[in-house]
Asks: 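First the structure, then my questions, so here it is.
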Amino acid sequence: MASSKKPLSNKVSATTPKKTKPLSLLDVVEKGFVSLSTSHKKMKSMTVALSGGVDSVVLLHLLHQLQKRQNFTLKASHVHHGLSKNADKWVKFCEKLCTKLSIPLDVNYVKLPQKKSLGIEGEARQLRYEKLLQTKTDLVVLAHHEDDQAETFLLQLIRGAGVKGLSSMAHFDNSRRLWRPLLNTSRIDIESYAKKHKLKWIEDESNQNIDFDRNFIRSKVLPILKNRFSHIIKVISRSSSHLAEAQHLLDDLAKVDLKSYLKSNKYIHKLNVKTLDKLSNARAKNVLRYWLEINDQLMPSKDLLDELLRQVLTAKKDATIKIYLSKEFEIRRYQDEIYIVPKDIKRQEDYEIVWAGESEIILPNGQKLKFKRVKGRGINLKFLDDKKLKIRNRQGGEFFKPDSKRPTKKIKQLLHESDLPPWEREFLPLIFIGDQLAFVPNFGVDIKFQPKPREVGLEVIF
């Protein structure tokens with residue numbers, strides 16, 4: 001018996017998707033702002049990096065408009081490098097613009113160092129970021145766009161950068177509170193917006209100087225690529241995004257390889273050699289890169305990274321290792337750990353500080369001591385009734401007995417038997433009650449000054 005059902009048609013019915021109207025630049029920025037406020041904490045304040053160029057002027061105008069839709073405070077920050085004869089005029093332009101929009105403006109005057117290890121562009125960029133990141137604000141907003149991303153990618157490619165360098169700039173950098181809302185917007189769209197809204201801006205004459213690598217890429221290299229490959233800017237932007245995802249995976253892998261080591265250790269500048277020894281060469285170098293990054297160090301060259309790993313893994317436990325990372329820092333090894341240490345550590349001058357009840361004291365070398373009243377531990381407060389608590393550096397000949405079952409020892413001997421690196425021992429603060437040594441960080445409270453379980457003590461945290 002034949003089926004009464006009609007045979008299924010092999011034709012696929014297709015509906016033409018409706019064309020959606022492209023978002024305006026203001027809508028793009030608002031969408032990004034709402035997304036950030038949802039995925040992170042609510043953003044209540046923003047600071048715009050305002051150079052006075054068309055990109056930052058457009059960004060300031062957009063955020064000024066966004067304030068009418070969203071609730072946040074807005075201010076601008078301008079950095080005066082003094083590199084151009086027109087630098088003072090740029091400050092006046094930014095002041096006039098911000099006054100017109102009723103937006104507060106911070107002007108930061110900086111001076112480039114005489115020895116420019118990063119080049120003029122690099123040093124200027126580093127100083128700009130330093131000033132911006134010192135700003136008390138929820139977000140620092142930058143006007144980088146799609147063309148900037150392509151230029152950065154090509155610059156990094158020429159310099160032989162790895163995955164991190166080629167991933168270029170991120171839309172949002174959580175650790176530094178940086179937001180780039182226009183990163184997927186073209187230079188042409190930004191300039192069109194400026195003309196449409198009759199905005200004024202300044203032109204930096206140095207942008208025409210092709211002695212600078214970025215300017216050469218912008219004016220000579222990219223036009224040729226665009227002529228042959230019309231979508232090259234968007235293609236490079238897409239590749240940068242892929243590489244950024246790859247870098248996130250590499251960072252996650254580094255955290256897995258480090259396991260709980262960094263969690264249990266308050267010194268992120270210290271790394272256990274055994275952690276590296278268990279890994280393949282590629283994974284060990286990935287851990288080193290991650291470790292250097294979280295310590296705010298510039299990435300070393302491939303040769304330096306290879307040499308660092310070789311020395312760290314092959315040196316004897318008692319060997320002295322010093323590897324220069326930069327003009328400011330070096331890597332040292334002590335026992336089974338490697339450390340990032342400032343170069344040319346100067347001998348500490350003798351000091352004495354009398355505690356006056358503060359919750360925190362900053363020592364001459366920048367380290368901190370915190371004080372907290374607790375029960376049953378710390379320095380017994382009854383000894384402070386008629387004597388002063390003093391903090392001073394080690395001067396030699398001090399004795400200490402933190403355990404009744406162990407003999408009194410010289411501090412020098414205790415330090416020699418400890419895992420504290422030699423270069424840190426001189427900076428160890430000692431806590432005295434009157435003229436008697438009461439507390440040594442990492443070693444405890446002398447038996448004479450320890451409180452009973454119900455007595456109140458002063459806990460000193462170093």
Asks: Among side-chain atoms of Ser168 and Thr152, is any donor-acceptor pair under 3.5 angstrom?
Replies: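 No - no donor-acceptor pair under 3.5 Å links their side chains.
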Asks: Do Leu363 and Phe427 touch side chain to side chain, with heavy atoms closer than 4.5 Å?
Replies: no
Asks: Begin with the C-alpha distance, continue with both residues' side-chain angles, and end with the deciding distance and a verdict on side chain to side chain donor-acceptor pair (under 3.5 Å) for Asn108 and Ser77.
Replies: CA-CA 7 Å; Asn108 300 287; Ser77 176; 3.2 Å; yes
Asks: Does Val273 offer a backbone N or O that forms a donor-acceptor pair with the side chain of Asp277 under 3.5 Å?
Replies: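 Pair absent, no side-chain N/O of Asp277 close to backbone of Val273.
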Asks: May I ask you to decide if the ring planes of Trp179 and Phe33 are parallel, tilted or perpendicular, using 30° and 60° as cut-offs?
Replies: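 Rings of Trp179 and Phe33: tilted, as their planes differ by 30° to 60°.
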Asks: Starting at OG1 of Thr47, measure out to CD1 of Ile103 and round the result to the nearest 0.5 Å.
Replies: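 If we round to the nearest 0.5 Å, Thr47:OG1 and Ile103:CD1 are 11.0 Å apart.
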Asks: Counting only N and O atoms by type, is there a donor-acceptor contact under 3.5 Å from the side chain of Arg177 to the main-chain atoms of Thr137?
Replies: yes
Asks: Students often mix this up, so state it plainly: with edges at 30° and 60°, are the rings of His80 and Tyr109 parallel, tilted or perpendicular?
Replies: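 Because their plane-to-plane angle lies in the 30° to 60° range, the rings of His80 and Tyr109 count as tilted.
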Asks: Return the minimal non-hydrogen interatomic distance between Val54 and Ala194, and the atom names on each side.
Replies: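 Scanning both residues completely, I find the closest heavy atoms to be CG2-CB, 3.7 Å.
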Asks: Side chains of Lys368 and Ile362: does their closest heavy-atom pair fall under 4.5 Å?
Replies: yes
Asks: Spell out, as yes or no, whether a donor-acceptor pair under 3.5 Å connects the side chain of Arg377 to the backbone of Glu459.
Replies: no
Asks: Is there a donor-acceptor pair under 3.5 Å between the side chain of Ser56 and the backbone N or O of Gly53?
Replies: yes
Asks: Distance alone, cut at 3.5 Å: any donor-acceptor contact between the side chains of Glu130 and Gln134?
Replies: no
Asks: Which atoms form the tightest heavy-atom contact between Phe72 and Met43, and what is the distance?
Replies: CB-O, 3.9 Å
Asks: Do Thr99 and Lys96 pass the side-chain contact (heavy atoms from CB on, under 4.5 Å) test, and can you show the C-alpha distance, the side-chain angles, and the key distance before you say yes or no?
Replies: CA-CA 5 Å; Thr99 299; Lys96 186 177 178 181; 5.8 Å; no
Asks: For the CD1 atom on Ile158, are there more than 12 heavy atoms of other groups (residues, nucleotides or ligands in this structure) within a distance under 6.0 Å?
Replies: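 Buried by this count: over 12 neighbours within 6.0 Å.
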Asks: Does some side-chain heavy atom of Tyr290 sit less than 4.5 Å from a side-chain heavy atom of Leu250?
Replies: no
Asks: Take atom CZ of Arg176 as the centre, draw a 6.0 Å sphere, and report whether it contains more than 12 heavy atoms from other residues, nucleotides or ligands.
Replies: yes
Asks: After noting the C-alpha distance and the side-chain angles of Asp336 and Arg333, does the key distance pass the salt bridge (Lys or Arg N to Asp or Glu O under 4.0 Å) rule?
Replies: CA-CA 7 Å; Asp336 284 327; Arg333 174 173 172 166; 3.8 Å; yes
Asks: With rounding to the nearest 0.5 Å, note down the distance linking NE2 in His171 to CG in Leu183.
Replies: 4.5 Å
Asks: Answer yes or no: is there a side-chain heavy-atom contact under 4.5 Å between Ser186 and Ile233?
Replies: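 They are not in contact (no side-chain heavy atoms under 4.5 Å apart), so the answer is no.
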Asks: Ring of Tyr324, cation from Lys343 - is the NZ or CZ under 6.0 Å from the centre and inside 45° of the axis?
Replies: yes
Asks: Are the side chains of Leu292 and Met299 in contact, using a 4.5 Å heavy-atom criterion?
Replies: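 In contact.
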Asks: Taking all atoms of both residues into account, what is the closest heavy-atom pair of Leu26 and Leu62, and its distance?
Replies: CD1-O, 3.5 Å
Asks: Are Trp201 and Val58 side-chain neighbours, meaning at least one heavy-atom pair lies under 4.5 Å?
Replies: no
Asks: Which value, rounded to the nearest 0.5 Å, describes the distance between Glu151 atom CD and Asn215 atom CG?
Replies: 8.0 Å
Asks: Are side-chain heavy atoms of Ile294 and Lys255 found at a separation under 4.5 Å?
Replies: no
Asks: Between Ser206 and Asp204, do the side chains contain a donor N or O and an acceptor N or O under 3.5 Å apart?
Replies: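 Their side chains do contain a donor-acceptor pair, which is all the 3.5 Å distance test asks for.
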Asks: Do you know the tightest heavy-atom contact between Phe93 and Gly52?
Replies: CE2-O, 3.7 Å
Asks: If only side-chain N and O atoms count, and only distance matters, is there a donor-acceptor pair under 3.5 Å linking Thr275 with Asn272?
Replies: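 There is no such pair (donor and acceptor under 3.5 Å, judged by atom type) between the side chains of Asn272 and Thr275.
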Asks: Give the intermediate values and the outcome of side-chain contact (heavy atoms from CB on, under 4.5 Å) for residues Cys98 and Leu60.
Replies: CA-CA 9 Å; Cys98 289; Leu60 185 70; 4.3 Å; yes
Asks: With a 3.5 Å distance limit and no angle check, can you tell me whether Ser35 reaches the backbone of Lys31 through a side-chain donor-acceptor pair?
Replies: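 Pair absent, no side-chain N/O of Ser35 close to backbone of Lys31.
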Asks: Please verify the inter-ring angle class for His197 with His61; under 30° counts as parallel, over 60° as perpendicular, anything in between as tilted.
Replies: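 Correct class here is tilted.
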Asks: Enter the distance from Asp106:CG to Leu132:CG here, rounded to the nearest 0.5 Å.
Replies: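 Separation between the atoms: 10.0 Å.
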Asks: His78 and Cys94: which non-hydrogen atoms are nearest, and at how many Å?
Replies: ND1-SG, 3.5 Å
Asks: Step by step, would you call Glu307 with Arg310 a salt bridge (Lys or Arg N to Asp or Glu O under 4.0 Å)?
Replies: CA-CA 5 Å; Glu307 180 61 17; Arg310 186 192 69 77; 2.8 Å; yes
Asks: When rounded to the nearest 0.5 angstrom, what distance separates CD1 in Ile190 from NE2 in His145?
Replies: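 Going from CD1 on Ile190 over to NE2 on His145, the span is 4.5 Å.
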Asks: Looking at Arg180 and Ala170, would you say the former's side chain and the latter's main chain have a donor-acceptor pair under 3.5 Å?
Replies: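 Checking the backbone N and O of Ala170 against the side chain of Arg180, a donor-acceptor pair under 3.5 Å is found.
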Asks: For Val141 and Pro181, work out which heavy atoms get closest and say how close.
Replies: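 Closest pair (atom of Val141, atom of Pro181, distance): CG1-CD, 3.6 Å.
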Asks: Under 3.5 Å, is there a donor-acceptor pair linking the side chains of His248 and Asp251?
Replies: no
Asks: Show your working on salt bridge (Lys or Arg N to Asp or Glu O under 4.0 Å) between Asp27 and Arg69 and close with a plain yes or no.
Replies: CA-CA 10 Å; Asp27 290 335; Arg69 302 184 184 184; 3.0 Å; yes
Asks: Take Trp355 and Leu458 through the side-chain contact (heavy atoms from CB on, under 4.5 Å) test and state the conclusion after the steps.
Replies: CA-CA 12 Å; Trp355 182 65; Leu458 183 67; 3.8 Å; yes
Asks: Are Lys270 and Glu424 ion-paired here, with the side-chain N under 4.0 Å from a carboxylate O?
Replies: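 Looking at Lys270 and Glu424, the cut-off is not met.
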Asks: Rounded to the nearest 0.5 Å, what's the gap from CG on Leu182 to CZ on Arg187? Could you check?
Replies: 12.5 Å
Asks: Between Asp306 and Lys302, is the salt bridge (Lys or Arg N to Asp or Glu O under 4.0 Å) condition met? List the steps.
Replies: CA-CA 6 Å; Asp306 287 339; Lys302 179 182 180 299; 3.0 Å; yes
Asks: Are the side chains of Phe329 and Asn295 in contact, using a 4.5 Å heavy-atom criterion?
Replies: no
Asks: Going through the checks in order, is the side-chain contact (heavy atoms from CB on, under 4.5 Å) test met by Ile338 and Ile321?
Replies: CA-CA 9 Å; Ile338 54 174; Ile321 289 181; 6.0 Å; no
Asks: Give a yes or no answer on whether the side chain of Gln156 reaches the backbone of Leu166 with a donor-acceptor pair at less than 3.5 Å.
Replies: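 Not confirmed, Gln156 side chain does not pair with Leu166 backbone.
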